[in-house]
Number of protein chains: 2
Amino acid sequence: MSIKKVARIAGVSTATVSRYLNSPEQVKENTRSKVQSAIDEVGYAPNALARNFRRGKTSLVVVVLPQVGDPFLDNVMRGIWRVADEQGYSILIRDTQSNSHDFDEFTEMVFSKQADGILLLASISPFSEPEAKRSREKAHPPLVLGLESVTTELNHFPSVRVDNVAAAADGTQYLIQLGHERIGFIAGKPDSLLTHDREKGYRKAMRKAKLKVENGWVVEGEQTIDGARRATRRLLAHKQRPTAIFCANDEMALGTVHEIKNAGLRVPEDISVVGFDDIRYAEVMDPPLTTIAQPAEEIGERTMRRLVQAIDGGALDKDTDTSPEIVPHKLIVRKSTGNAPR
Amino acid sequence: MSIKKVARIAGVSTATVSRYLNSPEQVKENTRSKVQSAIDEVGYAPNALARNFRRGKTSLVVVVLPQVGDPFLDNVMRGIWRVADEQGYSILIRDTQSNSHDFDEFTEMVFSKQADGILLLASISPFSEPEAKRSREKAHPPLVLGLESVTTELNHFPSVRVDNVAAAADGTQYLIQLGHERIGFIAGKPDSLLTHDREKGYRKAMRKAKLKVENGWVVEGEQTIDGARRATRRLLAHKQRPTAIFCANDEMALGTVHEIKNAGLRVPEDISVVGFDDIRYAEVMDPPLTTIAQPAEEIGERTMRRLVQAIDGGALDKDTDTSPEIVPHKLIVRKSTGNAPR
DNA sequence: TTGTAAGCGTTATCAT
DNA sequence: ATGATAACGCTTACAA
């Protein structure tokens with residue numbers, strides 16, 4: 001009822017008030033000030049609920065990420081927010097860690113107009129059956145993938161990320177070049193495409209260098225510090241103990257380095273460690289961590305931009321430019337890597 | 001138009017469909033199945049925008065925090081989400097770091113129905129003038145404070161936090177008990193009430209032990225690793241170099257320990273370090289960090305519960321139970337602290 | 001430049 | 001147990 005009240009007080013119609021709010025240039029100067037006074041007088045604030053309803057738009061975007069409090073996401077989110085603010089979107093965050101969410105839940109949010117689009121920064125369970133059925137009738141919701149590689153069913157959505165395979169190969173290659181031949185790999189969770197790709201890169205580099213990947217050299221670190229510590233212990237106990245360990249991300253590298261030192265070994269003299277992400281803690285670790293940096297903020301910015309595009313342009317067809325945007329990675333050499341022992 | 005379509009297909013009125021959706025028990029079994037079939041047939045999903053509009057409720061809550069990617073907030077958010085999911089709220093996150101936000105902006109979000117309430121986990125600029133004016137006419141929005149101490153203008157809102165003064169005093173007291181007499185303090189940003197309180201606790205403990213706080217022993221660390229590194233360098237260069245440093249949070253402690261070791265000194269043999277928060281990295285630091293733990297998840301849960309209460313119970317009066325809920329803190333002793341040298 | 005009025009999809013009131 | 005219908009606050013043709 002509020003715009004009506006303003007209109008009444010200003011002595012104009014509701015349409016004029018609305019116009020004043022949305023395109024003031026269409027309103028005569030004189031009227032403008034009358035309306036503004038009325039607004040001030042009653043302390044009017046437009047009801048976003050009504051406006052969004054009318055417009056059929058939530059101006060909300062869901063960002064799905066593995067875990068808030070992941071230092072790496074900090075910069076990604078910064079990029080996302082920059083664009084969101086600029087484009088008038090608010091960010092709804094869902095993490096896949098505290099509650100188990102599945103893909104349908106997010107598409108459902110769009111279909112039921114709780115959000116206009118989805119920014120997927122985490123691996124999640126694939127479409128369930130009912131959804132598969134629906135997708136025949138409904139268009140795909142506006143959805144963009146960031147960071148992660150994709151499962152086949154998500155292939156049709158735009159995505160922005162580094163080339164995880166190549167990046168991990170680079171990291172591994174760097175270790176090889178330092179003379180390491182026994183290199184272990186600490187992977188993430190089995191359902192994480194991302195770390196899967198990194199593992200692929202590791203294996204690729206090993207193969208290329210004609211190095212064998214022994215059974216037990218690739219172990220799951222569960223994307224957590226504790227998981228990485230357990231994984232590291234297994235690696236250290238291996239009869240062919242690696243002289244270098246590649247961790248699928250920095251978070252796990254933190255645990256790995258800790259556990260190596262715990263075992264009375266030195267980094268990098270006894271074992272070299274490489275991480276992935278270049279989180280802000282990497283630099284102040286002891287020793288500072290050699291890792292692979294991603295342009296996090298840029299990734300955030302670009303994913304969000306594509307998403308806005310997808311939202312504005314309506315649901316995108318299966319055959320809209322669908323190739324992933326690949327952004328450059330960069331090996332950052334610090335002190336956690338050194339020549340192979342002996 | 002959609003509920004209409006369902007109604008038409010099911011051969012019932014829109015009212016019945018609505019009832020089926022919201023209180024199925026009021027609908028006869030027979031009708032229920034007719035409606036459900038119709039829903040399945042057209043793939044109907046209720047329009048949340050319309051529903052919220054009609055109900056005058058967004059079912060959204062803004063959580064304002066200093067920085068996503070703060071590992072400490074991870075657990076707080078977990079607690080918030082648990083309650084949010086349970087109560088049917090979605091979480092809108094705003095960080096005060098990437099964009100400068102002020103208090104009005106958030107109250108405005110409530111007044112303009114972009115959100116139902118505010119969960120404030122960060123220090124922000126105080127009310128601006130126009131808001132002060134408005135607050136006379138409008139009730140305060142549902143708002144709950146977590147973690148932080150409050151400025152006087154926010155005094156009337158419920159809050160949940162540890163007793164930062166007492167906690168910091170405990171940490172300081174522990175150092176004193178180890179024989180330290182020259183103890184430095186690395187504070188946060190000047191506008192952070194939270195670290196301000198911690199500083200107060202530190203000073204209190206020093207005073208109580210009749211220890212002097214030399215000029216230059218309290219230095220700002222800006223709540224960042226780099227800030228803490230600079231602060232630490234200043235501390236190390238002090239003519240009366242402290243034998244122990246209390247950092248207002250773990251994030252800064254990370255930088256502090258790094259910088260101490262950089263300078264060729266040992267922790268804790270030369271300098272002891274205490275942090276605050278017990279983030280997950282504290283345990284795997286080298287040496288593992290002595291710190292003060294807060295029940296983060298519980299704080300999240302309780303703040304969110306109070307907020308829901310405030311939303312449901314309508315805007316709370318100035319004189320609703322307004323005393324902060326204090327949750328217990330706990331000193332976690334690890335290896336970064338030791339007896340004072342000599 | 002401004003006003004009139006229809007309509008967005010739901011819920012809720014009041015009958016039936 | 002169900003139906004008819006007003007109302008929520010706003011935007012937008014269309015008319016003036």
Side-chain angles (χ1 to χ4, degrees), chain A residues 1-39 42-60 88 108-116 138 314, chain B residues 1-39 42-60 88 108-116 138 314:
Chain A
M1 185 84 95
S2 237
I3 212 181
K4 260 188 212 164
K5 200 195 263 175
V6 174
R8 193 156 34 76
I9 296 186
V12 300
S13 73
T14 61
T16 300
V17 178
S18 175
R19 275 189 289 259
Y20 169 71
L21 259 17
N22 297 298
S23 34
E25 69 282 1
Q26 293 185 32
V27 178
K28 205 167 53 175
E29 166 58 33
N30 194 294
T31 325
R32 273 193 282 216
S33 52
K34 274 194 303 186
V35 175
Q36 184 57 56
S37 320
I39 288 179
V42 300
Y44 167 76
N47 182 326
L49 229 32
R51 166 179 294 172
N52 292 338
F53 166 52
R54 176 60 234 248
R55 293 187 174 154
K57 209 186 161 175
T58 63
S59 290
L60 253 34
E108 198 54 31
M109 288 184 74
V110 174
F111 290 140
S112 67
K113 298 218 175 290
Q114 298 183 63
D116 294 336
K138 293 233 189 193
Chain B
M1 183 84 98
S2 236
I3 211 180
K4 261 187 210 163
K5 200 196 262 175
V6 173
R8 192 157 35 76
I9 295 186
V12 299
S13 74
T14 62
T16 299
V17 178
S18 176
R19 272 189 293 257
Y20 169 70
L21 259 19
N22 298 297
S23 34
E25 69 283 2
Q26 292 185 35
V27 178
K28 204 166 56 174
E29 167 58 33
N30 194 296
T31 325
R32 273 194 284 218
S33 51
K34 273 193 303 185
V35 175
Q36 184 55 57
S37 319
I39 288 179
V42 300
Y44 167 75
N47 181 326
L49 228 32
R51 166 179 294 172
N52 292 338
F53 166 52
R54 175 63 233 248
R55 293 188 171 151
K57 206 181 163 180
T58 63
S59 292
L60 255 32
E108 198 55 32
M109 288 184 73
V110 175
F111 290 139
S112 66
K113 297 219 176 287
Q114 298 183 64
D116 294 335
K138 292 234 187 192

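Chain naming here is simple, since letters A, B, ... match the order of the sequence lines and numbering starts at 1 in each.
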| field | Nucleotide D/dC8, atom C1' - distance to CG of B/Leu49 in whole Å | value | 13 Å
| task | Take the protein atom CZ of A/Phe111 and the nucleotide atom P of C/dG9, then report the distance between them rounded to whole Å. | result | 17 Å
| request: Grab the CZ-P distance between B/Phe53 and D/dC10 for me, whole Å please. | output: 8 Å
| message | For A/Asn22 and A/Arg51: C-alpha separation, side-chain torsions, deciding distance, then whether side chain to side chain contact (heavy atoms under 4.5 Å, CB included) applies. | response | CA-CA 11 Å; A/Asn22 297 298; A/Arg51 166 179 294 172; 3.7 Å; yes
| task | List the steps, then state whether side chain to side chain contact (heavy atoms under 4.5 Å, CB included) holds for B/Val12 with B/Tyr20. | result | CA-CA 11 Å; B/Val12 299; B/Tyr20 169 70; over 6 Å; no
| task | Considering just the side-chain nitrogens and oxygens of B/Arg51, establish if one lies under 4.0 Å of OP1 or OP2 belonging to C/dT11. | result | yes
| note | Here the distance between atom P of D/dT12 and atom CD1 of A/Ile3, to the nearest Å, is 11 Å
| request: For side chain to side chain contact (heavy atoms under 4.5 Å, CB included), just list the numbers for A/Leu60 and B/Leu60, CA-CA rounded to whole Å, side-chain angles, deciding distance to a tenth of an Å, and then say yes or no. | output: CA-CA 11 Å; A/Leu60 253 34; B/Leu60 255 32; 3.7 Å; yes
| query | Which whole-number value in Å describes the distance from B/Tyr20 OH to D/dT2 P? | reply | 13 Å
| request: Examine distances only and state if a side-chain atom of B/Ser112 and a backbone atom of B/Glu108 form a donor-acceptor pair shorter than 3.5 Å. | output: yes
| note | Residues A/Val27 and A/Thr16: closest non-hydrogen pair is CG2-O, 4.2 Å
| said: Need to verify one output field. Residue with the more 5' nearest nucleotide on DNA chain C, B/Arg19 or B/Pro46? | reply: B/Pro46
| message | Among residues 10-17 of chain B, which ones have heavy-atom contacts with DNA chain D below 4.0 Å? | response | B/Gly11, B/Val12, B/Ser13, B/Thr14, B/Ala15, B/Thr16
| request: Round to a whole Å and report the spacing from CG of B/Asn47 to P of D/dC8. | output: 19 Å
| message | For a quick test of reading the model, state the closest non-hydrogen atom pair linking A/Ser59 to A/Asn52 and the distance between them. | response | OG-OD1, 4.3 Å
| task | Rounded off to whole Å, could you give me the CZ-to-P distance for the A/Arg54 and D/dA13 pair? | result | 8 Å
| task | Using atom types as modelled and distance alone, determine if a side-chain donor or acceptor of A/Thr14 lies under 3.5 Å from a backbone N or O of A/Lys4. | result | no
| How many angstroms lie between atom CD1 of B/Ile3 and atom OH of B/Tyr44, to the nearest 0.5 angstrom? | 4.5 Å
| message | So if I take residues 22-32 of chain B and measure heavy-atom distances to DNA chain D, which residues fall below 4.0 Å? | response | B/Gln26, B/Val27, B/Lys28, B/Thr31
| field | Gap separating the OG atom of B/Ser13 from the CZ atom of B/Arg19, nearest 0.5 angstrom | value | 6.0 Å
| message | Looking at A/Lys57, I'd like to know if its NZ atom is crowded, meaning that more than 12 non-hydrogen atoms belonging to other residues, nucleotides or ligands lie closer than 6.0 Å. | response | yes
| Bending between helix ends of the helix from C/dT1-D/dA16 to C/dT16-D/dA1 [5 pairs per end, 10° resolution] | 30°
| request: Using atom CG of B/Asn52 as one end and atom C1' of C/dG9 as the other, report the distance to the nearest whole Å. | output: 12 Å
| said: Less than 4.0 angstrom between a side-chain N/O of B/Tyr44 and OP1 or OP2 of C/dT10, yes or no? | reply: yes
| message | Once rounded to the nearest 0.5 Å, what's the spacing between atom CD1 of B/Ile39 and atom NZ of B/Lys5? | response | 13.0 Å
| message | I need the minimum non-hydrogen distance between B/Ala38 and B/Ile9, along with the two atoms involved. | response | CB-CG2, 3.9 Å
| said: So, OP1 or OP2 of C/dT11: does either fall under 4.0 Å of a side-chain N or O from B/Arg55? | reply: yes
| Side-chain N or O of A/Ser2 closer than 4.0 Å to phosphate OP1/OP2 of D/dG9 | no
